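Note that the structure is predicted; figures quoted are calculated from it, not measured.
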Amino acid sequence: MTQFHYQAATPQGKLVEGMMEASEERIVASRLQDQGYVPLRIGDPGQMQAKPGAAQRKLALATLPSLPRRGRVKQRDLQILTRELATLISAGLPLDRALSVASNLADKEELKQAISQILRSVQQGKSLAEALEEFPKIFPPLYVNMVKAGEVGGFLDTVLQRLAEYLERAQEVQDEIKSALAYPVILVIVGGLSIVFMFTFVLPKFTTLFKDMGDALPTATRLLLAISGGLRSYWWVLGLIIVGSWLGFRQYLATPSGRFAWDRWQLRMPVLGNLIQKREVAHFARTLGTLVKSGVPLLQALEVVEAVAGNQVIRQALKDVRVGVREGQGIGIPLGRSGAFPTLALQMVSVGEETGRLDDMLMRVSEYYEKETHNQLRQLVSMVEPLLIVVMGLIVGFVVVAMLLGIFSMNDLAF
């Protein structure tokens, strides 16, 4: 048997925490429901107590509350909040009580204050969607529009469940990409720092050794020493060039034409372009599918998807799609004209339109291309890792060989 730390809400909206012994989390949740509580969080005692702000209004476990964390509200925080609201509302708690409990559970101070203000706005007669619109940095247009559709249709709990699933899947995809890129990034950083250290601190030690040899040194050794000397003497010039190039590039991306040209070039890159396209298609399909499934009108859903699209080429294509839908052409034909979407995705969307199951087909498109993105990214990383090791090895090998040639040439001069 294992000790589990739980957090639950009473039918009156009060937060209850305590410990329960059970073989698994599911049994703890079942026992809490039998007692009339709404399970919110169940986990290992050490992990639960490590979360700041977790002990705000304890009834079953009397300990001092910890201070909530400050900082920007991240997608993971929004995901947890959405799942908690969905659970509370599904259990029959009124919206104001659910918001009150969610406010007590919030870890971030900014999120806690936002929920408290939303609660006051709802109590003053505003809808939840109207209250959420007052915090655009926390709740994006996608979130607000889905909540609005759920309130109008009378299925807010279902919409919040879908929103939570959408945010969880988006977080999983983001974590998968970060995990896949972690090792190559670390390898590049460590290798780059090692090479810089070698050229700026190790090789200069040999300069005094070879300074009297002049043209007698092998070409490779002279080239290596010249690079090392240039880095030591003019490192600030290189730094200015890098910083200036980066700032200039950011200024270029800040212009509409520059951003569009950069995004278009990304889609046309060999290998990486196909990967970026699949990722964008998966994001488009999951976002639009979630919105349509939640009852958001198609034109409004397309407007929201266009607003959250990261690639400007995709965004421009979605503008044309909205015009086509408004003119009665549907989605498939305008998407095909854009040239930014793969043939398979177009075919699946067209079938969804014809069968009246556009939302389901969009979700299948997203699942397919998310899986394709993950598989292609893993293959790409598996090829890049040995390539990086080979490149680093060649650089280090060139340094070693050049130094050995210089030392051997000294021995030849000695004889």
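- A salt bridge does not link R364 with D360: none of the charged nitrogens is closer than 4.0 Å to a carboxylate oxygen.
- Between the side chains of T82 and Y166, not a single donor N or O lies within less than 3.5 Å of an accepting N or O.
- Between E134 and K126 there is a salt bridge, with a side-chain nitrogen of the basic residue lying less than 4.0 Å from a carboxylate oxygen of the acidic one.
- Within 6.0 Å of the OH atom in Y234, the count of heavy atoms belonging to other residues, nucleotides or ligands does not exceed 12.
- Put simply, the residue from N145, V144, V296 that forms a side-chain contact (heavy atoms from CB on, under 4.5 Å) with V304 is N145.
- Defined by atom type and a distance below 3.5 Å, a donor-acceptor pair is present between the side-chain atoms of E109 and Q113.
- Although no hydrogens or angles enter the test, the distance criterion places a donor-acceptor pair under 3.5 Å between the side chain of N104 and the main chain of S100.
- Using a 4.5 Å heavy-atom threshold, the side chains of W235 and T200 count as separate.
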#### Entry: Derivation and outcome, side chain to side chain contact (heavy atoms under 4.5 Å, CB included), residues Y183 and V384
CA-CA 10 Å; Y183 180 71; V384 167; over 6 Å; no

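- At least one donor-acceptor pair closer than 3.5 Å links the side chain of R162 to the backbone N or O of K293.
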### Task
Decide yes or no on side chain to side chain contact (heavy atoms under 4.5 Å, CB included) for L335 and F284, but give the supporting numbers first.
CA-CA 12 Å; L335 279 179; F284 153 78; 4.2 Å; yes

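- The heavy-atom pair separating P184 from V381 by the smallest distance is CG-CG1, 3.7 Å.
- Between W246 and F249, the ring-plane angle classifies as tilted under the 30° and 60° cut-offs.
- In terms of heavy-atom proximity, A261 sits nearest to Y252 at CB-OH, 3.6 Å.
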### Query
Do R83 and E168 pass the salt bridge (Lys or Arg N to Asp or Glu O under 4.0 Å) test, and can you show the C-alpha distance, the side-chain angles, and the key distance before you say yes or no?
CA-CA 9 Å; R83 177 64 70 186; E168 285 167 3; 2.9 Å; yes

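- Within the model, atoms CG of L275 and CD of E280 stand 10.5 Å from one another, a figure rounded to the nearest 0.5 Å.
- Although no hydrogens or angles enter the test, the distance criterion places a donor-acceptor pair under 3.5 Å between the side chain of D263 and the main chain of Q312.
- Ionic pairing of E370 and R169 is present here: one or more N-O contacts between side-chain nitrogen and carboxylate oxygen are shorter than 4.0 angstrom.
- Contact of the E353 side chain with the M361 side chain is not registered, since no non-hydrogen atoms from C-beta on lie closer than 4.5 Å.
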### Query
Going through the checks in order, is the side chain to side chain contact (heavy atoms under 4.5 Å, CB included) test met by L291 and L302?
CA-CA 9 Å; L291 286 165; L302 285 168; over 6 Å; no

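- In summary, D175 and R76 engage in a salt bridge, as defined by a charged side-chain N under 4.0 Å from a carboxylate O.
- Counting non-hydrogen atoms of other residues, nucleotides and ligands closer than 6.0 Å to CZ of R337 gives a total above 12.
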### Message
Show, in sequence, the C-alpha distance, side-chain angles and deciding distance for L387 and M383, and conclude whether the side chain to side chain contact (heavy atoms under 4.5 Å, CB included) test is met.
### Response
CA-CA 6 Å; L387 181 62; M383 290 189 299; over 6 Å; no

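- To the nearest 0.5 Å, atoms CE (M363) and CG (L288) are separated by 10.0 Å.
- P297 pairs by the side chain to side chain contact (heavy atoms under 4.5 Å, CB included) definition with Q300, not counting sequence neighbours.
- One distance of note links CD of Q161 with CG of L85; it measures 10.5 Å at 0.5 Å rounding.
- Residue L156 holds its CG atom at 4.5 Å from CG of L160, rounded to the nearest 0.5 Å.
- In terms of heavy atoms, M403 sits closest to L203 at SD-CD2, 3.8 Å.
- A donor-acceptor pair under 3.5 Å is absent between the side-chain atoms of S103 and the main chain of L99, judged by distance alone.
- The environment of CZ in R326 is crowded: more than 12 heavy-atom neighbours from other residues, nucleotides or ligands sit within 6.0 Å.
- Here the closest heavy-atom approach between residue Y369 and residue A282 is recorded as CB-CB, 3.8 Å.
- Under a 4.0 Å N-O distance rule, the pair E306/R315 does not qualify as a salt bridge.
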